[in-house]
Amino acid sequence: MLVNDVQGSLTPPGERVATAELQERRLRPVVVWCGIAVIVLALIGGELVAAHIGALGPLTSLARDYAGTPKSATTPWAGFLLALVGVTMRARVGAVTAAVAIDLLFVVIRAAEGRPFTVGNGPTIVLTALAVLAFTRWDGPRRRTALRTIAFGALLISATKVSEIWLDITAWACPMVLDPYVQVADRALGSPSWLVGSALETAGPVATGVVRWVYFELPLAAVLVAAWQLRGVTAGVWPRHYLVRTFLTLGVVGPIWYVVFPVVGPVLAYGPQGLGFEIADVWPDVVPAVPSSIEAMRFDGITPRNCMPSLHTAWALALFIHSRRGPVWLRWGGTFWLVCTLTATLGLGAHYGIDLVVGAALCLTVESALRDPDRGWDRRRVRIVSLGVALCAGVLLCIRFLAVPMATHPIPFAIVILGALGALATMFYSTWFGASAAESSRPARL
């Protein structure tokens, strides 16, 4: 028979379940209000910092989404479409119609005034109106579900605004960058940015245009996967784990390392976009020789130091992982987005190859910490998270202190780094998708 009780427990199973649900209900409002407070403080703090360093603040950027020229046309629509997952079909149709109409009105006004074409005002305005409507007019499960998905959409937009000022902060706070260390250490992997960059140039403008569009429109693909995962929420069916959680966690954890390990990328440090700060204009034609000594280089005060780790790699890999249990079109779409993102990440000169290794390890680590919350922190979860943390830290330490040995003895370092990443990926698959995952999901039997 099924084991429903813990040996030695004095509380009947039904009472334990009721107690757990009661504690969760009591804790949820506290978590929600704490989350709102953190977001508000981040927006206000970002605005104050932006005023100090002369950058565009998140509140100012958000105000432009309402009544000006939005900085991004995709993000407001992505957040808006994600929010619509939690409302009825009738409400979706009405909201989309209103958003399109408002966007067209703003487009006409901007065209008459000679301002650039863009969209994004409509979804921002309608999303706000939808939140007010759900809070004041709806009730019960309909209200809770709608407000939850609306919060996801609003959080996506707000997080983007905060991340934009954080990138400006990295440029202001880190005048020196570590690109010379990363470029030399990346020779252990064969300097893949130079190889893919040359291949993309040979492929021509069409291929470059496709991977560039995929690279910059990653939020759109994420919303499609998240919408499929959350498709049943209006019927009260919430998945225990979904892409939004991983995306947001990566967006919080990853950028911290931008100020710990500031890097601008090969197209800037070694290419034509360095604006006079580059070491040499050789990307992607000539791989620089290994220098006898390495030191950090000074760079401008406006370029974000957002290369290490590669969050585009982390996010695209998370999207790929979450698309594996979807229909065929979603699985193929996830694969396409991952391949194009990796190609663009290297081929456009935005990252070094070793940035991708750390980004992939970060994704697998965060995903393992969040996935299957009912399983708890068993031995396998602790082991995979520990290996991921060790891999990220070990690679960064090697880049900083062993860059020249990595370049002069590439084979052993490549075997260790790629072998560790392969071991992490294998452990991840066996834990969450393989036989051990199926075994852990079965109820214990006598």
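Taking OH of Tyr242 as the reference point, atom CG of Leu230 lies at 6.5 Å (rounded to 0.5 Å). Taking OH of Tyr181 as the reference point, atom CZ of Phe261 lies at 9.0 Å (rounded to 0.5 Å).
With hydrogens and angles disregarded, a donor-acceptor distance shorter than 3.5 Å links the side chain of Asn121 to the backbone of Asp65. Without hydrogens or angle criteria, Ser386 side chain to Val382 main chain gives a donor-acceptor distance under 3.5 Å. Formation of a donor-acceptor pair under 3.5 Å by the Arg305 side chain with backbone atoms of Thr303 is found in this model. Between the side chain of Arg231 and the backbone N or O of Trp228, at least one donor-acceptor pair lies under 3.5 Å. Under a 3.5 Å cut-off, the side chain of Thr365 and the backbone N or O of Val385 do not form any donor-acceptor pair. Judged by distance alone, with hydrogens and angles left aside, the side-chain atoms of Arg298 form no donor-acceptor pair with the main-chain N or O of Phe277 at under 3.5 Å. Remark: side-chain polar atoms of His312 are not paired, donor with acceptor, to backbone N or O of Thr341 under 3.5 angstrom. No side-chain donor-acceptor contact under 3.5 Å links Asp103 to the backbone of Val119.
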**Request:** Under the side chain to side chain contact (heavy atoms under 4.5 Å, CB included) rule, what do Asp355 and Thr345 come out as? Steps first, then yes or no, please.
**Result:** CA-CA 10 Å; Asp355 300 343; Thr345 299; over 6 Å; no

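The minimum heavy-atom distance linking Ala146 with Val87 is given by the pair CB-CG1, 4.0 Å. Across every non-hydrogen atom of Arg331 and Ser323, the tightest pair is CG-O, 3.1 Å. Annotation for Val184 and Pro291: closest pair CG2-CD, 3.6 Å, computed over non-hydrogen atoms. For the residue pair Cys307 and Tyr258, the shortest heavy atom distance occurs at N-CE2, 4.3 Å. Between Pro255 and Trp166, the closest heavy-atom pair is O-NE1, 2.9 Å. Listed here is the closest heavy atom pair of Ile39 and Leu155: CD1-CD1, 3.2 Å.
Just one of Arg380, Arg375, Arg381, Arg371 meets the side-chain hydrogen bond (donor to acceptor under 3.5 Å, both in side chains) condition when paired with Thr431; it is Arg380. Exactly one residue among Leu311, Thr249, Thr313, Val357 makes a side-chain contact (heavy atoms from CB on, under 4.5 Å) with Leu362. That residue is Leu311. Screening Gln273, Glu278, His351 for a side-chain contact (heavy atoms from CB on, under 4.5 Å) with Val267, the sole residue that qualifies is Gln273. Applying the ring-ring contact (aromatic ring centres under 6.0 Å, His included) test between Trp315 and each of Phe247, Phe320, Trp337 identifies Phe247 as the sole match.
The side-chain tip of Arg324 does not point at the ring of Trp432 from less than 6.0 angstrom away and within 45° of straight on.
Between Phe433 and Phe428, the two ring planes are tilted [angle within 30° to 60°]. Classification of the His241-His322 ring pair by plane angle, with boundaries at 30° and 60°, yields tilted.
Using a 4.5 Å heavy-atom threshold, the side chains of Val96 and Val126 count as separate.
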